[in-house]
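Note sheet for the following structure.
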Number of protein chains: 2
Amino acid sequence: MARPQLSDEAAAYVRELVLTGQLRAGEFVRVERVAEELEMSVTPVREGLLALRGEGFLELAPRRGFVVAELTEDDVRDLFWVQARLAGELAARATAHLTAEQVKELEALQTSITTALERGDLDEVERCNHAFHRTINLAARSPKLAWFLRASTRYVPNRFYHRIGGWPDASRHDHTEVLAAILAGDPDQVRRAMEEHITHAGQLLVEHADLPVAATGGD
Amino acid sequence: MARPQLSDEAAAYVRELVLTGQLRAGEFVRVERVAEELEMSVTPVREGLLALRGEGFLELAPRRGFVVAELTEDDVRDLFWVQARLAGELAARATAHLTAEQVKELEALQTSITTALERGDLDEVERCNHAFHRTINLAARSPKLAWFLRASTRYVPNRFYHRIGGWPDASRHDHTEVLAAILAGDPDQVRRAMEEHITHAGQLLVEHADLPVAATGGD
DNA sequence: ATAGAATATATTATGCATCATGGCTAGTGC
DNA sequence: GCACTAGCCATGATGCATAATATATTCTAT
């Protein structure tokens with residue numbers, strides 16, 4: 001799976017530039033420049049940028065170029081509001097579908113997270129974290145909800161949580177709550193636990209991200 | 001607004017083909033064929049299809065082409081679940097922001113819908129319907145939530161409601177409930193009214209759309 | 001005569017068409 | 001049933017026309 005699609009590579013590259021603030025709101029993304037940086041031609045870059053427009057990261061000014069979209073603190077709060085609702089619903093639905101084996105896997109992942117934390121292996125923590133949520137979200141068997149969830153999580157920079165002190169520990173605690181609710185077999189309790197988990201993450205991200213407070217004007 | 005962007009035209013064309021069932025799940029969308037039909041070259045078509053992949057309508061089999069994605073009855077139910085939550089939240093948020101003038105506009109639109117219904121002018125009904133929701137959604141001042149809402153409504157075929165007997169009348173009734181809640185200034189009541197409204201629409205669409213009941217298997 | 005505005009020109013980048021390459025598949029022969 | 005071949009089609013590289021903006025030049029008014 002070296003480079004399945006150049007346009008995906010271009011999209012991922014620019015998305016990360018936007019999320020890490022290396023490209024600021026209002027700036028133009030020059031197709032040719034990106035093409036040079038990634039050593040590809042302009043066609044796949046343009047395709048990738050159009051995909052990013054579809055994701056809400058860029059706006060397209062016809063015959064002018066792609067502009068980085070505004071992303072305010074309120075926007076991030078709203079994104080996590082969506083993410084919390086969706087992750088909560090998916091987790092609630094998953095409760096009835098999770099097999100005993102899958103529950104065991106979740107417990108194993110939770111153990112791995114704890115030991116990895118003690119070793120200070122944050123990459124491993126993130127991997128297990130991801131697997132934990134993925135297992136739950138797949139078990140819900142609701143691909144469209146999962147699609148919307150992914151759309152909302154795209155706004156979280158890769159490896160963002162690494163840079164937030166105390167987050168992995170808080171996450172480990174939240175997962176314990178989710179697991180307990182799953183073991184209790186109570187979908188509503190699972191939903192609440194997962195919603196709180198995501199909400200915590202959102203609060204941390206807003207505190208650490210240093211975003212513009214309000215939009216500039218009315219479009 | 002003749003042809004703002006050929007890729008948008010291609011995306012809209014194929015999206016409608018998928019939604020109206022002229023392209024069935026699993027079928028390949030041949031780039032060159034679409035290009036011929038729209039009398040454009042393959043580049044903008046491919047760009048449009050990549051956008052549709054981002055919207056969840058198509059899947060991309062690398063080096064094979066674009067395949068129409070599965071859309072089951074459960075998927076549509078989930079899409080309307082999302083739509084109802086988002087429209088409800090937006091309406092609740094709008095309640096505090098709506099000016100007296102905007103409320104008057106909503107009432108005027110509601111009146112227009114009623115008279116247009118009596119004339120049997122379904123196009124006008126749809127126009128006012130759209131304006132009604134748009135006014136509320138803009139007043140909520142939550143662009144990201146609005147983005148997700150739009151993503152969920154893209155799955156509703158254009159002019160779909162025209163073909164459903166009794167829908168315009170039911171819609172008129174639901175709007176009355178929403179308006180009453182807005183006039184009462186009660187966000188929670190507004191949310192409930194709007195969620196019910198969308199849920200009704202979803203039920204009607206599922207009943208009339210004749211979709212596959214379940215997904216074929218595990219991807 | 002100079003400052004400012006308006007027009008003409010030059011430059012830049014988009015957007016689309018065309019072309020070259022190579023992967024995937026089906027069809028043929030053994 | 002398997003290997004090989006031929007053709008189709010996705011993918012992306014390149015070239016060109018057009019639109020938009022920046023720059024320079026000219027004209028006008030004070």
Side-chain angles (χ1 to χ4, degrees), chain A residues 1-18 22-70 216-217 219, chain B residues 1-18 22-70 216-217 219:
Chain A
M1 214 201 274
R3 359 170 79 191
Q5 278 309 84
L6 291 188
S7 51
D8 290 339
E9 194 182 330
Y13 176 72
V14 175
R15 191 188 359 247
E16 208 62 18
L17 284 184
V18 172
Q22 300 182 252
L23 278 170
R24 300 291 207 73
E27 276 184 60
F28 277 86
V29 182
R30 295 299 169 194
V31 178
E32 201 162 350
R33 184 183 303 274
V34 176
E36 281 173 23
E37 286 165 8
L38 293 177
E39 294 180 322
M40 61 179 71
S41 137
V42 297
T43 309
V45 172
R46 181 178 158 77
E47 288 170 356
L49 296 189
L50 280 165
L52 288 183
R53 177 180 67 145
E55 294 175 15
F57 287 97
L58 303 178
E59 282 161 26
L60 178 54
R63 282 282 170 193
R64 298 275 326 279
F66 292 88
V67 185
V68 178
E70 185 90 14
T216 49
D219 67 289
Chain B
M1 211 201 276
R3 2 170 77 191
Q5 209 74 348
L6 291 188
S7 51
D8 290 338
E9 194 181 331
Y13 176 73
V14 174
R15 190 188 300 124
E16 208 62 19
L17 283 184
V18 172
Q22 300 183 253
L23 279 169
R24 300 293 205 72
E27 275 184 60
F28 277 87
V29 183
R30 294 299 168 195
V31 179
E32 202 162 347
R33 183 184 303 274
V34 176
E36 281 173 24
E37 286 165 9
L38 293 177
E39 293 179 322
M40 60 179 72
S41 134
V42 297
T43 309
V45 172
R46 182 179 159 76
E47 288 170 357
L49 296 189
L50 280 165
L52 288 183
R53 176 180 67 144
E55 295 175 14
F57 287 97
L58 303 178
E59 282 161 25
L60 178 54
R63 286 277 171 196
R64 300 275 323 280
F66 293 88
V67 185
V68 178
E70 186 88 15
T216 49
D219 68 289

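So that the names make sense, note that chain A is the first sequence line, chain B the second, and so on, each numbered from 1.
One finds a side-chain N or O of R30(B) lying less than 4.0 angstrom from the OP1 or OP2 phosphate oxygen of dA10(D). For the pair R33(A) and dA13(C), the criterion of a side-chain N or O lying under 4.0 Å from OP1 or OP2 is not met.
We find that CZ of F66(A) is positioned 9 Å from C1' of dT14(C), with the value rounded to whole Å. Regarding E47(B), its CD atom lies at a distance of 15 Å from the P atom of dA10(D), rounded to whole Å. Between E36(B) atom CD and dC8(D) atom C1' there is a gap of 14 Å when expressed in whole angstrom units. At whole-Å resolution of the value, CZ in R53(B) and P in dA10(D) are 15 Å apart. Here the C1' atom of nucleotide dG15(C) and the CD atom of E9(B) are 14 Å apart, to the nearest Å. Between the CG atom of L50(B) and the P atom of dG12(D) there is a distance of 9 Å, rounded to whole Å. Atoms CG (L60(A)) and C1' (dT14(C)) sit 9 Å apart, rounded to a whole Å. What separates CD of E39(B) from P of dT18(C) is a distance of 13 Å, to the nearest Å.
Minimum interatomic distance between Q5(B) and L60(A) (heavy atoms only, all atoms of both residues): NE2-CD2, 3.3 Å. The two residues A25(A) and A69(A) come nearest to each other via the heavy atoms CB-O, 3.7 Å.
With rounding to the nearest 0.5 Å, the separation of CD in E27(B) from CD in Q22(B) is 10.5 Å. Here L50(B) contributes atom CG and L49(A) contributes atom CG; the two are 12.0 Å apart, rounded to the nearest 0.5 Å. The structure places CZ of R46(A) at 5.0 Å from CZ of F66(A), a figure rounded to the nearest 0.5 Å.
Checking dT14(C), dG15(C), dA17(C) against the side-chain heavy atoms of V31(A) singles out dT14(C) as nearest. Distances were taken from every side-chain heavy atom of Q5(A) (C-beta onward) to each of dT11(D), dA17(C), dT14(D); the shortest belongs to dT11(D).
Using a 4.5 Å heavy-atom cutoff, the side chains of L58(A) and V68(A) are in contact. Side-chain atoms of L52(A) and E55(A), non-hydrogen and from C-beta on, do get closer than 4.5 Å to each other.
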Enumerate all atom pairs, one protein N or O and one N or O from nucleotides 16-18 of chain D, separated by less than 3.5 Å.
{"from": "dT18(D)", "atom 1": "O2", "to": "R63(A)", "atom 2": "NH1", "distance (Å)": "3.0"}

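Between T43(A) and R64(A), it is R64(A) whose nearest contact on DNA chain C lies nearer the 5' terminus. In this structure, E32(B) and P62(A) both approach DNA chain D, and ranking their closest nucleotides by distance from the 5' end singles out E32(B).
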